[in-house]
Structures are given as C-alpha cells and as structure tokens.
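Just so you know, these numbers use all the heavy atoms, side chains as well, and skip hydrogens, waters and symmetry mates. All figures in this text were calculated on a predicted structure; none of them were measured in a lab. First the proteins, then the strands, lettered A, B, ... as listed; each starts at 1.
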Amino acid sequence: MKSMAIVIRDDSYDKILTPLVFAYLASAEQTQVDILFVNWAVKALTVEGAASLCMDGRHAADEAMVRENVAKAGLPNDIYEILKALKASGCVNFYACSLAGAIFGVNEGNLIPEAEGIVGASWFLNDKAAKADHYQYF
Amino acid sequence: MSVITATSTLDTSGKCCPMPIVETNKAMKSLGLGDILEIIATDTGTQKDIPSWCERTGQTLLSMTEESGVLHYHVRKDR
C-alpha cells in the first residue's frame, strides 16, 4: 500500500482516535496518507477545536478513563499533539473541507499550520481518494 | 542456538498499538544497514504487527520470543 485516503466526519474525542491511529501506523510504513476533515470534524483542524473535542452521549462519563488509558498506551492524549506528530512523520497531509469550513467556522485564519489548506471535496475525492490504494471513511 | 547481538534496544513495555510500530520505525531510521534492533514489547498485537511491518518495509525479523508475557524481537535493518 503506497497511499491511503481518509475522510473523517465524527468529531468526538474517542471516535477521531481510530483514523488518526490508522494514519500513524500507515506513516510508519512510509505510506502517504491524505485526510479530509468534513462536517464537525473540521473543527479539529483549529487549536481551539482540537482542544474542545470530547466524548459524547452514553460514553461521555468515561472520558477521563479513556484519556488516561490513551496516555498509558503511549499516545499523546491531546488531539492536536497527535496531529503534530502525524505531520512530523512527513507522510500525512490534513485538508479541511471548504463547505465544512464555511458552515462550522474554519478558515485560513484559524486553521492549524500543520494543515495543507482548505480544499473542495471534489478535488479530494478525485485527486486523493480515487487514486489512493486504500480509502477509509470515519 | 546462535546468540543475536543487538546494536540497540527499544523498550515499548506498557505501550499499545500504534506506538510500538511508530517507535520501531523511528528507531530503525537511526540505525545503519545490517544493524540489529531489539524490541521489547508487552502489547500482544505486536506478534502480528511487527512481522507485518518488517515485511512491508523490507526489514528482516530475525527472532521473536515470549517469556512471561514479555515479547522480544530482533529486527535487522536491510533497507
């Protein structure tokens, strides 16, 4: 597998961990990973948004336990720190969906510097997802 | 039984997927061709992950042993 494309929609802390972990594993094999953040998940590409991610619904009460176990596993338990580590691997690119940015308040002014930019979903689907060896949607 | 002499050792005890693989990848980058990395792990997922990672990245898994829940791997850097 030389390339992988991921679309992330879910923005709760626990649900966003899985695609980021998969990206981490792929980057350790020098697989090129391109990730598009859509819907509420686009907020994760801002400092404030990443810091505010939490666990929803019936799992909300377990958030402290989950964060503690994430740290025990050796991962940063802060999403922005994970994004920075992924970017530092040199194999992972983050993109903000332009529609999601417009709806949920993400723009060039508050986008984290680790992100490649704000892009149209059509470009991502045609140039990244359709050409990738593997595609995942979360 | 021949003894494998490691060039360096990486202890991932207590850590879980993806960190043993991520840290193995980082450690291998600092080694030269032919060097041997010993990896210590307690995550049972590494029993599949490390052989798979070696195959994918062109490294050679020389040995894999387990004793009292602690896994030891020796990986030679070939690429």
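No side-chain donor from either of A:Glu29 and B:Asn25 sits under 3.5 Å from a side-chain acceptor of the other.
Here SG of B:Cys17 is found 11.5 Å from OH of A:Tyr24. Values are rounded to the nearest 0.5 Å. Annotation: the span from B:Lys29 atom NZ to A:Gln30 atom CD amounts to 5.5 Å, rounded to 0.5 Å.
When atom types are taken as modelled, the side chain of B:Arg56 and the backbone of A:Ala26 share no donor-acceptor pair closer than 3.5 angstrom. No donor-acceptor distance shorter than 3.5 angstrom exists from the side chain of B:Trp53 to the backbone of A:Leu25, with no hydrogens or angles considered.
Residues A:Tyr13 and A:Leu83 share a hydrophobic cluster, clusters being chains of Ile/Leu/Val/Met/Phe/Trp/Tyr side chains in contact below 4.5 Å. Grouping the Ile, Leu, Val, Met, Phe, Trp and Tyr side chains by contacts below 4.5 angstrom, directly or via other members, places A:Phe138 with A:Met1. Cluster membership for B:Leu62 and B:Leu71, using ILVMFWY side-chain heavy atoms within less than 4.5 angstrom, is not shared.
By the 6.0 Å contact criterion, NZ on A:Lys15 is open, its count of non-hydrogen atoms from other residues, nucleotides or ligands being 12 or less. For CD of B:Glu55, the number of neighbouring non-hydrogen atoms (other residues, nucleotides, ligands) closer than 6.0 Å is 12 at most.
Taking 4.5 Å as the limit, every side-chain heavy atom of B:Cys16 sits out of range of all side-chain heavy atoms of A:Leu75.
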